[in-house]
Amino acid sequence: MEQQFNVLVSDDISEKGIELLEQEPGIHVDVKTKLTREELYAIIANYDGLVTRSMTTVDQELLDHTSGRLRVVGRAGVGLDNVDVEAASKKGIVVLNTPTGNTLAATEHTMAMLLAACRMIPKAHNTLVGGKWDRKSFMGFELYKRKLGVIGLGRIGSQVARRARGFEMDVYAYDPYILKDKAEALGVKLLGSLDELLRTVDVITLHTPRTPETLGMIGKRELELLPDGAIVVNVARGGLINEKDLHDALKSGKLRAAAVDVFDKEPATDNILLGLDNVIVTPHLGANTDASQINVAVMVAQQVINVLKDRDYEGAVNIPSVLTKLADDFRVYFELAEKMGKVLGSMIGEAIEECSIVYRGSLFDREFGPRSFDVPLNLMPFSVAALKGILEPKMQEGVSYISAPYIMRERGVAIEEKKISQSRDYLSSVEIIVKTENSTRSIVGTVFENAMARVIRLDEYDVDFNPEAPMLIFKNQDRNGLIGEVATLLGEAGINISHFALNRHPRGETALGVVNTGVAVSAELLTRLNRVPGIMNAWVIRSR
Ligand SMILES: NC(=O)c1ccc[n+]([C@@H]2O[C@H](COP(=O)([O-])OP(=O)(O)OC[C@H]3O[C@@H](n4cnc5c(N)ncnc54)[C@H](O)[C@@H]3O)[C@@H](O)[C@H]2O)c1
Ligand SMILES: O=C(O)CC[C@@H](O)C(=O)O
């Protein structure tokens, strides 16, 4: 008899997704939305799959009520703010999302918001509905030949750029992680810095994920760089623009208008922007179209079925099945490769052109091919972990073990794997080498006999550390007293150093320091550290 699987749909998703689940033999579906936490705790142990949108919080507490039966959580949409992916991974639960399913909906909403802001359509509508025939107050802003600045030229940013070209706008972009060729193919001019973009364009539209780097990326200083009368659009994520600074720039007339779909805190019913005349707001409607809701529901339903029926699936953000198939010593390498990738990804500030992963030692001689591990692009599982680690600091929610190789390929990054049976200094090691237009960075790690994973070299520095984020890494001119100054600044900020490693460059003059900081160094402290005389560069490696 065919095995039966129970799936709970706990948020409103399109009927089409539910039908797909219902039609699948061996799957029983319950749709129970708006459950209280207690109601959810009481029934979750009966289910093999859970399908959510953003209303169900899948946290440790809920997972503790699953009694080991739950195998997959599917999120219809992109954001995983409501899912504790790490806790799910630890329980071997696959977490899926559908980042491509609502790209066009968010793109079209961006265009709608931009046009509505240019012509103040909501206000004009309200005036007429209120009985006033006022044409004088609504002088519009024409897009033809105006300059659009796209911040983040990924899936949605690229589609917005295409449509803006249809309006015959001159399109510019700032995205340090894509190659010029991609922008050129879209007819977009890629600029080297955010400041340059802001000084160049008349309108900006944001399409980056929310990461520590993009959080607050547009504030008072950045808004000042825009020409007077500029327009700002945000259909990406709350927090990318400082709301108070945006409010002030709208109020002072520095900005002509803003169109905002996403907010620091949602629901945003008492947001500071709501009282302004020249702002257009929508309650996070970017993905709200029939087509996109059908897309994400069908995609998530199909993926959930695939996981439960042991078929191939694409959208997993974690990959517990690979982890559980790897023997213990390889699992340590898998985790090490991801952490090493994260170190390099946090230190690289421009588009990657090549990425090589070199495996040394007979340990890696065996076959790790696709038949055993279902790994995309036939890569070794450790390479996938490394690629995810490299991308994560700049992407977060959009990157998974499955998507990382495809994202790299889409960005034109050449990926190479090499196995060298002999390893000179250690029994085995993994090296990741990343090339960009202006630099090459590399990191080498090994696992000692007691399963202790260590980095043993970073760039040209032989430095031994546990790559456990949060960390601070810095390069400095080798001078007396500098380490003391760094330690004092960290101490003053209440940071308790748990490990400190330092080594000189083989040719002297410079050194590299690695500090395990326990908590992430703030942006402000990083600026102060970068100002210490002799510090050439400092980077923060965050845990999430
Ligand atoms: N409003 C909505 O309902 C809605 C719907 C879908 C997606 N979104 C949001 O839209 C955003 C974009 O989604 P996407 O699918 O295009 O993502 P994507 O991952 O395809 O593209 C994001 C791009 O941002 C770039 N980027 C990262 N850090 C950057 C930085 N510091 N400066 C400039 N560029 C940077 C990346 O290189 C990438 O090219 C995400 O935040 C997503 O959550 C919102
Ligand atoms: O409407 C939703 O579910 C959220 C839309 C979007 O921000 C997402 O995270 O996919």
Side-chain angles (χ1 to χ4, degrees), residues 11-14 51-56 75-83 97-110 112-113 149-161 173-179 182-183 186 188 190-195 197-198 204-218 222 233-240 259-263 266 281-289 292-293 295-297 299-300 315 345-346 348-352 390-400 403-404 406-408 410-411 413:
D11 287 336
D12 289 317
I13 66 160
S14 158
V51 174
T52 72
R53 217 170 135 189
S54 51
M55 296 307 287
T56 307
R75 156 77 160 102
V78 188
L80 285 162
D81 330 36
N82 56 321
V83 182
N97 68 349
T98 57
T100 55
N102 54 28
T103 299
L104 292 180
T107 301
E108 291 187 8
H109 196 61
T110 305
M113 294 293 271
V150 178
I151 303 175
L153 198 63
R155 285 177 291 255
I156 298 169
S158 303
Q159 294 295 340
V160 167
Y174 169 66
D175 186 329
Y177 308 112
I178 61 149
L179 296 174
K182 176 183 172 180
L186 289 163
V188 173
L190 194 64
L191 298 181
S193 73
L194 181 59
D195 285 7
L197 181 98
L198 298 170
I204 56 167
T205 180
L206 285 91
H207 301 288
T208 70
R210 180 168 142 147
T211 65
E213 193 181 273
T214 60
L215 200 67
M217 76 192 299
I218 303 291
E222 289 73 23
V233 181
N234 184 10
V235 180
R237 277 287 177 267
L240 304 184
V260 184
D261 182 49
V262 284
F263 302 86
E266 297 180 9
V281 289
T282 45
H284 203 142
L285 295 185
N288 264 41
T289 65
S292 133
Q293 286 312 311
N295 271 347
V296 296
M299 281 177 175
V300 84
S346 305
I348 289 168
E350 56 182 348
I352 297 171
I390 292 168
L391 287 172
E392 206 160 50
K394 318 295 180 198
M395 294 194 62
Q396 299 221 323
E397 66 196 6
V399 64
S400 69
S403 65
Y406 295 112
I407 293 171
M408 286 288 194
E410 202 179 282
R411 293 180 174 195
V413 179

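Read the numbers this way: they start at 1 and go in the same order the structure lists the ligands and their atoms. The analysis underlying the following values was restricted to heavy atoms, covering all of them including side chains, and did not include hydrogens, waters or symmetry mates.
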Closest to atom 34 (N) of ligand 1 (heavy atoms only, candidates L240, T208, V78) is T208
Looking at ligand 1, would T211 count as a contact under a 4.0 Å heavy-atom criterion?
no
Donor-acceptor contact below 3.5 Å, side chain S292 vs main chain N288
no
Answer with side chain, backbone, both or neither: which part of N102 has a heavy atom less than 4.0 angstrom from an atom of ligand 2?
side chain
Just distances here: any N/O of R237 and N/O of ligand 2 closer than 3.5 Å?
yes
With distance as the sole test, does D261 use its side chain to make a donor-acceptor pair with the main-chain N or O of V235 at under 3.5 Å?
no
Under 4.0 Å from a heavy atom of N102: give me the atoms of ligand 1 that qualify, with their elements.
6 (C)
Show the atoms of ligand 2 that are less than 4.0 angstrom away from any heavy atom in G79.
8 (C), 9 (O), 10 (O)
The atoms of ligand 2 lying under 4.0 Å from a heavy atom of G77, numbered in the order shown, are 10 (O)
Counting only heavy atoms, which portion of A106 has something under 4.0 Å from ligand 1: side chain, backbone, both, or neither?
side chain
Taking the side chain from N234 and the backbone from R237, do they hold a donor-acceptor pair closer than 3.5 Å?
yes
Just to be sure I read this right, does ligand 1 sit under 4.0 Å from the backbone of H109, its side chain, both, or neither, counting only heavy atoms?
neither
Quick one: does ligand 1 sit under 4.0 Å from the side chain of I156, the backbone, both or neither, non-hydrogen atoms only?
both
Is the side chain of T214 donor-acceptor paired with the backbone N or O of P209 at a distance under 3.5 Å, no angle test?
yes
Who passes salt bridge (charged side-chain N to carboxylate O under 4.0 Å, His left out) against E213, sequence neighbours left out?
K394
Contact partition for E213 relative to ligand 1, non-hydrogen atoms under 4.0 Å:
side chain
Below 4.0 angstrom from a heavy atom of T214, which ligand 1 atoms are there? Numbered from 1 as shown, please.
28 (N), 29 (C), 30 (C), 31 (N)
Contact region, D175 to ligand 1, non-hydrogen atoms below 4.0 Å, reads both
Output the list of atoms in ligand 1 that are nearer than 4.0 Å to some heavy atom of H284, sorted by atom number.
1 (N), 2 (C), 3 (O)
If only atom types and distance count, is the side chain of N82 paired as donor or acceptor with the main-chain N or O of T56 below 3.5 Å?
yes
Compute the shortest N/O to N/O distance between R53 and ligand 2 and return yes if it is under 3.5 Å, no if not.
yes
Is ligand 1 under 4.0 Å from a heavy atom in the side chain of T103, in the backbone, in both, or in neither?
neither
Contact atoms of ligand 2, heavy-atom distance to H284 under 4.0 Å
4 (C), 5 (C), 6 (C), 7 (O)
Check: A287 main-chain N/O paired with Q293 side-chain donor or acceptor under 3.5 Å:
yes
Please identify which atoms of ligand 1 are closer than 4.0 Å to at least one heavy atom of P176.
32 (N), 33 (C), 34 (N)
With a heavy-atom distance limit of 4.0 Å, tell me whether R411 approaches ligand 1 through its side chain, its backbone, both, or neither.
side chain
So for ligand 2, is A287 a polar contact partner (N or O within less than 3.5 Å, distance only)?
no
Heteroatom proximity flag, V78 to ligand 2, N/O under 3.5 Å
yes
